There are 2 protein chains.
Amino acid sequence: IALPPPTSPPIAVLEPDKKTPDGWLPRDPRLIRLTGVHPFNVEAPLSDLYNEGFLTSPELFYVRNHGAVPQVKDEEIPDWEFTVEGMVEHPLRLTFRELLEQYDQKTYPITLVCAGNRRKEQNVVRKTKGFSWGAAGVSTALFTGVVLGDLLKKAKPKRGARYVCMEGADKLPNGYYGTSVKLNWALDPNRGMMLAHRMNGEMLRPDHGKPLRAVIPGQIGGRSVKWLKRLIITAEPSDNWYHIYDNRVLPTMVSPEESANDPKWWMDERYAIYDLSTNSAIAYPAHEEQLCVVDAPSNYRVKGYAYGGGGRRVTRVEVSLDKGKTWRLAKIDYAEDRYREAGPRQLCGGELDMELRENSFCWCFWNLDIAVSELSEVGDIFVRAMDESMNLQPRDMYWSVLGMMNNPWYRITIAKEGDYLRFEHPTQPALMPGGWMERVKKVGGDLTNGYWGEEIGSDDKSEV
Amino acid sequence: IALPPPTSPPIAVLEPDKKTPDGWLPRDPRLIRLTGVHPFNVEAPLSDLYNEGFLTSPELFYVRNHGAVPQVKDEEIPDWEFTVEGMVEHPLRLTFRELLEQYDQKTYPITLVCAGNRRKEQNVVRKTKGFSWGAAGVSTALFTGVVLGDLLKKAKPKRGARYVCMEGADKLPNGYYGTSVKLNWALDPNRGMMLAHRMNGEMLRPDHGKPLRAVIPGQIGGRSVKWLKRLIITAEPSDNWYHIYDNRVLPTMVSPEESANDPKWWMDERYAIYDLSTNSAIAYPAHEEQLCVVDAPSNYRVKGYAYGGGGRRVTRVEVSLDKGKTWRLAKIDYAEDRYREAGPRQLCGGELDMELRENSFCWCFWNLDIAVSELSEVGDIFVRAMDESMNLQPRDMYWSVLGMMNNPWYRITIAKEGDYLRFEHPTQPALMPGGWMERVKKVGGDLTNGYWGEEIGSDDKSEV
């Protein structure tokens, strides 16, 4: 089984952080900041993320913070308190120490993904209300902690209870960050929901929820509340501001103006997102990678990642060199399966036991060898994934006000420049310029024409 | 809550059936036969199906038989035996009578869908190995029976057991019909799997599995084994011929020849299909319906059905009049919710109690009013549904060897003929001619050009 990659915990507070409320917190300088200096929202460069392998070291693991990081000193951790309250027979008030002493500890590999992963592409098409994630808003770690259902069973939800609301210690302009998931899911051991205190075998780092966080596998990162203080069992979904006004995919025809004028769009729980959508991206060729075709090896290995939602496994990854007319099948490696097959054992301070769980909660890696001579002849490479429920990444973007769950076919373009092939990804994260989308837009291409902004059918006039 | 529609059980054996092994079995003459005379594979005319409402009467409920219907006399039913065997601590051999006496009886509304629903569209594009379902391979009934998990818990599966194989009494050229589902799912009460003996309050009719069948909600109909005789708990998926060579979606690039030459494609359990895919169809306007635009009401109500897979709810249904450039939101009615909200009660000889189950296992109906003046201006109407996990029907068909799970946007075309608008569906079931797909193909259109065989971008030359 894959062990965590070597980690070098950052020791220096970075210059930009010094004047922020996070001025006490060392961070990795490789991370790309997506919302200016503060709050801290970052992803690793895609190549660095991919090169880490199946597990991501905590210092490169993506971060989505809404405000200042709650500062918890090591000596305060054992007394960190949290509650299980609301519609339960036996409300609980527990300390971190009690959680470790009184409950079974489990360890599972879990991939977390921000609902905004790949949002920059949406922003290039039409500005959304969200900031510009590239394709590295996804990371994987071994999380250790307590199965959420174990706590809930002890508290005994009452009949009529349907939701588990969660609240963190991060106080924000609109209150503490909070959201909810369905109680029914939380009680289902197959869904793997947990309260975690370790990541890759070490104590959670501050940006990842030290000392305690929820980890909700297969669902968008926004449900995995960090710095966890309260679990509230309710009959209705969370009424927390962040539950209502974030992490939703409104219907595509709802404009930013319409959504601002009519709160009914936000109040409709049908548009709240939980399960991740099927997604994939190409890591290599990297953006602006150049391949010399003279004396090149005969094949180039195209590779990247893919993931499904709700524990559903990616069953195929397909690559097209002709704009989706034909596809070829990539090889898939599910490192997660090796933990499943390892059988029960201790790992990182918890029990690993995944044999009976059919769900897949991690990303997989895929690759496909393509002849360099073929790459020289085509204009682009597409990838798409399908999960076990036949959920296939769509050809076209489903644009929405918050720009979340963006998952159309991932496309990189190929330009011939002398003896070199130059590859371009769709975008670069944050305000970084680059990518074929901006380029096409700049010359007047309509990115929504269903043909990536190129002249429709330009490569195949004989079609009709 | 919706009660079953009036039923008129057929009393006459139809002429075509008389020379078949089913010559003893009265059937409804409205049903459209998809595989010649025998075996009996049928769907209702789409309008008739839709007009029945939320629940379908047993005589119009679609049928997928692989061979002759096992004939079971009423007086034999109490002694009908079935087993729970294989990797269990306590193998069971039960009679129908014992099943009724010793286990709790439940009643749930459940929609069954054949994995081949809408396959005719695939066959028009390129012949598959399957016969031509239209869009009425879907039906809903109140099923009454025993929760599968209750039986399994009594039998106590052993560690290492992962599948529940099922076998029917229908002996076929390749053995008894059989397949499997995951044990983990079967033990999950939220997945609603049951052994049913009633349908809309009456004994199952012979074509629907009399006296006992599995009902596997949210999954393709092929998993709901009829005339059930054996449940076998195993470590591996079913090795039944019909499990291996049916109900799979092979990757799209695998041709019929390739699949025939290389068995590895069939042996790869990743390509077995379980959850239904998100789907929808337009019932009205019906195929060949004509609408007089002179003195017409100002609006026409377009309507149809939609369903999700794996218990996932359809959260939006969208309609486009401009080939997907813009979409409008249809109204959705989930009749299933009224059973959920009704609270615990007796219904059809079983307990109805859906309050705690979050899953949606039934189709929903949708509608949208469109100005007749608008319909007169456009060439087509599209509909697509999205489920709660953001699984959106794809624009383009995912063709595969068996032609299953076909779910691209459902399109009907509009032709102006004098004072009339004439509507065409994509296809008609079985060998019935008609539909815009055949028409387009006949004049040389390439249905796979990503533009429904029309000249690419023909309606919008200003696009580039």
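Model, not experiment: these values are computed from the prediction. Just so it is clear: chains get the letters A, B, ... in the order the sequence lines come, proteins before strands, and each one is counted from 1.
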Show the nearest heavy-atom pair for residues [X] and [Y], with the distance to one decimal.
| X | Y | answer |
| --- | --- | --- |
| B:Arg384 | A:Tyr398 | NH2-CE1, 3.4 Å |
| A:Arg312 | B:Asp275 | CD-OD2, 4.4 Å |
| A:Tyr271 | B:Thr315 | CE2-O, 3.8 Å |

With A:Arg439 via side chain to side chain donor-acceptor pair (under 3.5 Å) - residues at least two apart: A:Thr413, A:Glu424
Given heavy-atom pairs under 4.5 angstrom as the criterion, report whether the side chain, backbone, both or neither of B:Glu318 touches chain A. side chain
Which atoms of [X] approach chain B - backbone, side chain, both or neither, heavy atom under 4.5 Å:
| X | result |
| --- | --- |
| A:Ile332 | side chain |
| A:Pro394 | neither |
| A:Gln219 | neither |
| A:Asp396 | side chain |
| A:Thr326 | neither |
| A:Asp188 | side chain |
| A:Leu276 | backbone |

Counting heavy-atom pairs under 4.5 Å to chain B, which of [options] comes out on top?
| options | result |
| --- | --- |
| A:Leu392, A:Asn407, A:Asp387, A:Asn190 | A:Asn190 |
| A:Arg316, A:Met390, A:Met386 | A:Arg316 |
| A:Glu388, A:Arg395, A:Arg328 | A:Arg395 |

What's the spacing between B:Ser389 OG and A:Met405 CE if we round to 0.5 Å? 7.5 Å
Rounding to 0.5 Å, atoms OH (A:Tyr451) and OH (B:Tyr451) come to a distance of 12.5 Å
Test salt bridge (charged side-chain N to carboxylate O under 4.0 Å, His left out) on A:Asp353 and B:Arg159 and set out the steps. CA-CA 13 Å; A:Asp353 184 1; B:Arg159 175 133 194 155; 3.3 Å; yes
Taking atom NZ of B:Lys153 as the centre, does the number of heavy atoms from other residues, nucleotides or ligands within less than 6.0 Å exceed 12? yes
For B:Lys156, is the NZ atom crowded, meaning more than 12 foreign heavy atoms sit under 6.0 Å from it? no
Find the one option among B:Glu355, B:Arg357, B:Arg270, B:Arg313 whose heavy-atom pairs under 4.5 Å with chain A are most numerous. B:Arg270
